[in-house]
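In the text below, chain A, chain B and the rest are named by the order of the sequence lines, each starting its count at 1. Heavy-atom basis, side chains included; hydrogens, waters and symmetry copies ignored.
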Amino acid sequence: MAADPSTSTTAAPAFASDANSTESWSARVRSLTRLGRHREALALLRDGDPYPPPHALALPAAVISCTALSLPSGVAQIQALGYKRGLLPSSDAYLLSALLSSHSRLGHLRRAHQLLDEMPLASTPPTTLRTAFNSLISGCAMHALPAACFAIFRRMRAAGAPFDAVTLMTLVPAAPHTAVPQLHALAGKTGLAAETTVANCLISVYARRGAGLARQVFDEMPVASRDLVSWNAVISAHAQNGLAVDTLDLYGRMRGHDGVGVEPDAVTLVGVLSSCAHLGARSVGRGVERYMQERLPGFRANLQLCNSLINFHARCGSLPQAQQLFNEMPRRSIVSWTALIAGYGMHGHGDVAVNLFQTMVSEGIRPDNVAMVGLLSACSHAGLYDEGRKYFSAMESAYNLRPTLEHYTCMVDLLGRAGRLEEARELISSMPMPADGAVWGALLGACKIHKNVEMGEEAFEHVIKLEPTNAGYYVLMANIYTDTGQLDGVVRIRAMMRERGLKKEPGCSYIEHKGRVHLFMADDHSHPQAKRIYELVIKLEQMVKEKTDGTAGTEGGRAVEGHSQKASGPLIGFHSEKLAVAFGMLNTDDSEIVVIKNLRVCGDCHTFLKTVSAIANRAFLVRDASRFHRFEGGACSCKDYW
DNA sequence: GTAGGGTTAG
């Protein structure tokens with residue numbers, strides 16, 4: 001074995017004055033292995049003085065180094081040496097475990113089993129048995145052989161070998177989800193569930209199927225036994241399952257009293273930033289960014305963390321910051337590109353998104369399904385009909401990607417909003433898989449824009465079969481009837497909703513001011529400044545009415561939120577975004593007012609905000625459920641296409 | 001000295 005010249009030179013001085021006993025020689029091998037300098041470790045073992053022969057302490061390290069370098073013949077040599085010196089089949093637990101793990105990692109599971117079979121079960125100490133079985137189980141887990149893991153575990157118990165936290169930590173992630181509660185119960189019975197590592201493992205595995213059980217395990221842990229990994233696991237569990245508010249709540253607790261002695265790391269922040277991005281929680285996210293700059297100086301080298309930050313900025317209205325971060329990254333992944341592409345898409349800059357995508361491809365990055373969703377939705381938001389169609393068909397022909405339901409949803413949205421409703425419906429019938437609620441919902445949304453009752457009814461029929469409890473679709477259909485003057489239809493839909501006990505999701509908007517979040521619901525009077533806010537909205541309504549008199553039309557949407565039975569009343573709607581914007585106007589001078597909203601902006605509010613941006617000479621950036629609208633000088637960045 | 005837990009984009 002030749003030493004790697006680039007690293008062996010650095011190794012020499014450290015050991016130059018070392019004694020020549022076999023122990024210190026072995027210690028040198030072990031330490032090189034631990035440092036990941038595997039070639040040097042093996043070179044030392046091989047080229048060192050063969051007499052006296054290497055101490056037993058060097059052998060497990062040598063096995064690890066051979067494994068890391070994928071050298072099965074080296075492993076075999078060491079194993080032979082182990083037999084020759086009587087360390088095997090069972091007297092040196094460390095060598096045994098290292099060999100079992102090595103054979104399993106290298107995919108030689110039969111050899112691993114043989115080694116286990118040779119062990120004299122009766123005369124081997126239980127702790128040695130335990131590590132031996134654990135090693136083999138973990139090897140099988142690494143090769144995604146869950147059945148083998150459990151077969152060995154049964155054998156382990158039959159042999160009377162005790163299992164421990166490591167056993168459970170290896171089995172739990174390998175187990176089919178239905179078996180996890182049984183392992184959990186076993187952990188409880190044996191007291192192993194109290195081990196932090198076992199609990200952490202249960203949290204992360206439960207998290208794959210919702211946050212509920214993960215949270216329960218976390219909550220049941222004694223506060224003092226929660227370590228950084230516990231917090232990261234529970235925070236990620238909520239972030240991954242879309243529970244952004246709970247994620248931030250947990251983060252707050254971690255930073256406060258409950259997390260004493262635990263400092264967030266990059267993993268924590270990845271989950272937190274993702275939730276900030278979803279919520280539009282700008283001040284929390286900026287706090288995270290400051291924390292990174294102050295406490296994690298090397299964060300730019302952390303791809304995942306940078307990607308999360310790009311996504312955060314892009315989705316929270318700071319495209320320039322997202323772009324700058326992207327430019328400064330030493331290394332980028334497809335995730336970095338996708339976050340930026342989707343960000344430009346959300347802001348209506350479809351052309352930029354398409355250019356970025358082209359650059360990405362020209363740099364040799366092959367698009368994946370997620371990148372295509374970002375690109376197609378960017379085309380959709382910008383009305384780039386031809387590009388959207390081109391890239392959709394390129395998925396299969398150029399990139400060997402099979403379109404998923406999400407891609408079809410984007411395309412139905414793109415075609416439908418472009419007014420090509422028939423084409424959109426044809427696309428649905430050509431799909432190789434059954435359409436889901438989102439696909440039909442996209443068609444329904446397009447029918448709302450183009451006031452097409454017949455096709456809307458067809459889409460509605462499908463969508464409520466697939467998602468009978470999603471109130472948003474009923475509201476959409478009702479709005480189509482409202483817009484086309486079919487009030488009997490509106491009544492019918494309302495009756496359906498009542499019968500089914502469905503309530504439309506309340507609209508809410510929020511704005512951050514001086515580090516605090518000000519949340520507004522439709523027709524909400526709870527804000528301390530409510531009186532002034534309403535006075536301003538009413539005054540602006542009046543001004544807007546005068547300015548747009550006769551030209552505003554009845555741009556639908558008044559049934560979207562709030563008390564829409566007043567739809568026939570005066571043209572005053574206290575939708576949440578109007579309240580939030582008014583609050584911003586009252587409390588700031590000339591900066592851009594940023595509002596985050598949970599539902600789509602309705603046509604009335606859209607007209608209102610455009611006009612007010614001109615009257616008051618202010619810029620408003622509103623993120624609604626699907627994209628950004630930037631209102632300035634009487635126009636919106638969506639060019640009224642949304 | 002051996003076996004080993006948490007991570008992003010739509």
Side-chain angles (χ1 to χ4, degrees), chain A residues 23 26-27 29-31 33-34 55-64 92-102 104-105 127-128 130-139 141-142 163-173 195-205 207 214 227-237 239-240 265-275 277-278 302-312 314-315 333-343 345-346 368-378 404-407 409-410 438 626:
Chain A
E23 278 87 355
S26 305
V29 174
R30 284 212 317 273
S31 117
T33 295
R34 204 175 49 241
H55 193 270
L57 290 185
L59 298 183
V63 171
I64 292 169
D92 190 328
Y94 297 102
L95 181 56
L96 192 65
S97 299
L99 283 167
L100 281 167
S101 158
S102 162
S104 323
R105 278 170 194 259
T127 51
T128 306
R130 186 181 62 203
T131 28
F133 277 107
N134 280 353
S135 311
L136 191 51
I137 292 173
S138 106
M142 276 171 206
F163 60 90
D164 64 356
V166 175
T167 323
L168 291 181
M169 268 184 336
T170 319
L171 285 174
V172 166
E195 300 263 348
T196 300
T197 52
V198 173
N200 291 349
C201 184
L202 285 167
I203 294 172
S204 62
V205 168
D227 65 3
L228 175 61
V229 176
S230 321
W231 283 100
N232 286 349
V234 76
I235 283 175
S236 307
Q240 283 164 3
D265 71 354
V267 176
T268 325
L269 303 184
V270 165
V272 173
L273 280 174
S274 155
S275 293
H278 282 290
N302 185 324
L303 199 53
Q304 277 112 322
L305 190 49
C306 284
N307 289 344
S308 277
L309 192 57
I310 289 180
N311 182 50
F312 163 74
R315 293 185 62 97
S333 69
I334 186 163
V335 178
S336 330
W337 289 91
T338 303
L340 200 60
I341 288 169
M346 278 185 79
D368 66 4
N369 275 332
V370 185
M372 296 308 300
V373 170
L375 177 68
L376 294 178
S377 70
T404 69
L405 282 167
E406 274 188 291
H407 300 104
T409 304
C410 285
S626 80

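- Comparing atom distances between the Val166(A) side chain and each of dT2(B), dG6(B), dA3(B) picks out dA3(B) as nearest.
- Between the side chain of Asp164(A) and the base of dG4(B) there is no donor-acceptor pair of N/O atoms closer than 3.5 Å.
- Counting non-hydrogen atoms under 4.0 angstrom, Ser274(A) reaches the backbone sugars and phosphates but no base.
- Taking side-chain N and O atoms only, Arg105(A) has a distance below 4.0 Å to OP1 or OP2 of dG4(B).
- Look at CD on Gln304(A): it is 13 Å from P on dG6(B), rounded to the nearest Å.
- Among all heavy-atom pairs drawn from Ala98(A) and Val63(A), the shortest one is O-CG1, 3.5 Å.
- Within the nucleic acid shown, Ser97(A) comes within 4.0 Å of at least one base atom, counting heavy atoms only.
- Residue Leu340(A) is out of contact with every strand shown, counting any heavy-atom pair closer than 4.0 Å.
- Residue Pro60(A) places its side chain closer to dG1(B) than to any other of dT8(B), dG1(B), dA3(B).
- Side chain to side chain, Asp227(A) and Ser230(A) meet the donor-acceptor criterion of an N or O pair below 3.5 Å.
- No contact: Met346(A) has no heavy atom under 4.0 Å from any strand.
- Among the heavy atoms of the strands, none lies under 4.0 Å from Asn369(A).
- Contact between the side-chain N/O atoms of Arg315(A) and the OP1/OP2 oxygens of dG10(B) is found at a separation under 4.0 Å.
- Distances from the side chain of Ser138(A) to the nucleotides dA3(B), dA9(B), dG5(B) place dA3(B) closest.
- Here the nucleotide nearest the side chain of Thr197(A), chosen from dA3(B), dA9(B), dG4(B), is dG4(B).
- The CD1 atom of Ile64(A) sits 11.0 Å away from the CG atom of Leu59(A) when rounded to the nearest 0.5 Å.
- Closest approach of Ile341(A) to Ala378(A), counting heavy atoms only: O-CB, 4.4 Å.
- Separation of atoms OG (Ser135(A)) and CZ (Arg130(A)) is listed at 11.0 Å; rounding is to 0.5 Å.
- Rounding to the nearest 0.5 angstrom, the gap separating the CE atom in Met169(A) from the CG atom in Asp164(A) is 8.0 Å.
- Nucleotide dT2(B) holds its P atom 18 Å from the CG atom of Leu136(A), rounded to whole Å.
- Comparing dG6(B), dG5(B), dT8(B) by their closest approach to the side chain of Val270(A) singles out dT8(B).
- Asp265(A) comes within 4.0 angstrom of a base, heavy atoms only.
- The side chain of Gln240(A) contributes an N or O atom lying less than 4.0 Å from OP1 or OP2 of dT8(B).
- When each of dT7(B), dG4(B), dG1(B) is scored by its nearest atom to the side-chain atoms of Thr170(A), the top-ranked nucleotide is dG4(B).
- Residues Thr268(A) and Asp265(A) have side chains that bring a donor and an acceptor to within less than 3.5 angstrom of each other.
- What separates CG of Asn232(A) from C1' of dG6(B) is a distance of 6 Å, to the nearest Å.
- Residue contacts shown for Asn311(A) are limited to sugar-phosphate atoms, with no base heavy atom under 4.0 Å away.
- Comparing dG5(B), dG10(B), dA3(B) by their nearest atom to the side chain of His278(A) picks out dG10(B).
- In this entry the distance linking CG of Leu96(A) with C1' of dA3(B) reads 11 Å, nearest Å.
- Rounded to whole Å, the distance from CZ on Phe163(A) to P on dG4(B) is 18 Å.
- Atom CG in Leu273(A) sits about 12 Å away from atom P in dT8(B), given to the nearest Å.
- Going from atom CG of Leu95(A) over to atom P of dG1(B) covers 16 Å, rounded to whole Å.
- Side-chain atoms of Asp227(A) and base atoms of dG5(B) include a donor and an acceptor less than 3.5 Å apart.
- One atom, NE2 of His407(A), and another, C1' of dG10(B), lie 9 Å apart when rounded to the nearest Å.
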